[in-house]
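In what follows, residues are counted from 1 in the order of the sequence shown.
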Amino acid sequence: MTPNNQMRPSRLLNYICAVILFTLFSKVYAAQVPIYIRNDVFNDYIEFLNDRNVINIEDYSGKNARRDVADIIIALQSLHLGGFKHNFDISSGNVNFRNTKMLQSGELLISLDSYWLTDAKAIEQDVYISSPVIRQGEYVAGVYTSPNNVKTLATQRLTDFHKLTGVSTPKWRTDWETMTSLNLAELIQEDQWISMARLVSQGWVDFMLMPFHQDTKQDYKIYKVHLVPVPNIAIMLNGSRHFVVSKHHPLGESSIKALEKGMAILRQQGRIKKAYIQAGFFVDTKEVNILNK
């Protein structure tokens, strides 16, 4: 007979396994969830917050407000409203397409930068796709160029694009398809956003498509890059944008449920539309001529 103060080998093994599993499970849920954001977006987000709690923000206007920042706020507020109880450790990095690989492997829980539906569907075996945060027909982009590019700044009709060069990446399927449809003199591939912006700023490429933002001049100044929109025109991108959550992360399933619940609340309250309007992303379509509508 086994003494009372001893465990049978099988019971001891089960106990050890239980302790190990509990320890691993506790670490997953106790630790902050790491999230990575592109450097320039991270800087704007931190400056926009200005030490405020993101959950309490109801006025989405202010310094550094833009579509990317609104995306982050909407995602975090949705998760909170949906009952997600874990904190995020948000850090910066030039991780545009590395993020996608990390989502597919389960190393990254969620992208706080929304995805075009076509891009999300390309990896849907590995990710959950949220309901649209930016719906079909809502994404209207500016035609951004160097302030010294007189030819591009004079653009007023679709046929004017036939003489221009543009830059994008096929990794952004909707953006690339839209640029292709403009029948440009040349469409140049560059996979990094900041490299695209530098090419246009330095006059080596005529333009790129970029979202409008809150600044009254609507120009971009970052990393010695200066871009301005062609006045009074815009291009509609044919697609919707969604948040994606990894199916392989331990918190994936609970996260997408919380995200959907919270987004429905924000949508019903009109706060998603409000966020994009106040961030300057949703523009008054009566004030700009959408050339490809």
Side-chain angles (χ1 to χ4, degrees), residues 35-49 54 57-78 90 92 95-96 99 110-120 130-144 168-169 171-176 178-179 192-194 196-197 200 207-222 225 227-229 233-244 259 263 266-267 270-285 287-288 290:
I35 296 291
Y36 305 101
I37 301 174
R38 199 178 71 208
N39 287 341
D40 60 299
V41 179
F42 176 82
N43 293 336
D44 279 348
Y45 172 67
I46 295 302
E47 290 189 38
F48 175 83
L49 283 186
V54 63
I57 290 174
E58 294 187 7
D59 183 348
Y60 305 91
S61 61
K63 184 179 180 181
N64 303 99
R66 55 192 276 198
R67 192 274 301 171
D68 312 74
V69 172
D71 270 6
I72 297 170
I73 297 169
I74 291 168
L76 294 178
Q77 289 186 344
S78 294
I90 300 177
S92 64
V95 290
N96 268 14
N99 266 7
I110 183 174
S111 172
L112 298 183
D113 183 7
S114 59
Y115 272 53
W116 287 109
L117 181 59
T118 51
D119 296 330
S130 79
S131 54
V133 62
I134 300 170
R135 295 174 293 195
Q136 174 75 31
E138 290 184 330
Y139 200 113
V140 176
V143 177
Y144 275 80
S168 183
T169 171
K171 293 183 178 181
W172 299 340
R173 289 171 176 82
T174 300
D175 193 275
W176 186 261
T178 302
M179 294 285 276
Q192 294 299 323
W193 179 88
I194 190 60
M196 296 181 199
V200 177
F207 80 97
M208 62 189 292
L209 296 179
M210 291 173 57
F212 292 110
H213 59 112
Q214 193 188 38
D215 189 281
T216 53
K217 294 182 180 179
Q218 288 290 337
D219 60 348
Y220 274 87
K221 291 182 179 179
I222 185 171
V225 166
L227 301 176
V228 298
I233 68 168
I235 296 294
M236 181 179 292
L237 276 70
N238 184 28
S240 56
R241 290 185 69 92
H242 306 248
F243 295 114
V244 296
L259 184 66
M263 283 180 65
L266 290 181
R267 180 73 72 187
R271 288 170 61 186
I272 292 179
K273 183 177 181 180
K274 177 183 177 182
Y276 288 128
I277 289 174
Q278 291 188 330
F281 171 60
F282 283 174
V283 296
D284 187 346
T285 54
E287 296 182 0
V288 295
I290 303 175

Original post:
Would you find a donor on one side and an acceptor on the other, under 3.5 Å apart, between the side chain of E138 and the backbone of K273?
Top reply: no
**OP:** Decide yes or no for L76 and I90: does some side-chain heavy atom of the first lie under 4.5 Å from some side-chain heavy atom of the second?
**Re:** yes
Subject >> From CA spacing to verdict: side chain to side chain contact (heavy atoms under 4.5 Å, CB included), R271, Y60 >> reply: CA-CA 9 Å; R271 288 170 61 186; Y60 305 91; 3.2 Å; yes
Original post:
R173 and T118: side-chain donor and acceptor closer than 3.5 Å?
Top reply: no
**OP:** Assign the ring pair Y276 / F281 to parallel, tilted or perpendicular, where the plane angle (0 to 90°) is split at 30° and 60°.
**Re:** perpendicular
Subject >> Nearest-0.5 Å distance that lies between atom CE in M263 and atom CD1 in I74 >> reply: 7.5 Å
Original post:
Where the side chain of H242 meets the backbone of Y115, is there a donor-acceptor pair that is under 3.5 Å apart?
Top reply: no
Original post:
For the side-chain contact (heavy atoms from CB on, under 4.5 Å) test, which of V54, L112, N64, D71 pairs with Y45?
Top reply: V54
Original post:
Should the ring pair F212 and Y144 be called parallel, tilted or perpendicular, given that the plane angle runs from 0 to 90° and is split at 30 and 60?
Top reply: tilted
**OP:** Classify the side-chain pair S111/N99 by whether it contains a donor and acceptor separated by less than 3.5 Å.
**Re:** no
**OP:** Taking D113 for its side chain and D68 for its backbone only, find out whether a donor-acceptor pair lies under 3.5 Å.
**Re:** no
Subject >> Donor-acceptor contact present, side-chain R67 to main-chain F282, <3.5 Å >> reply: no
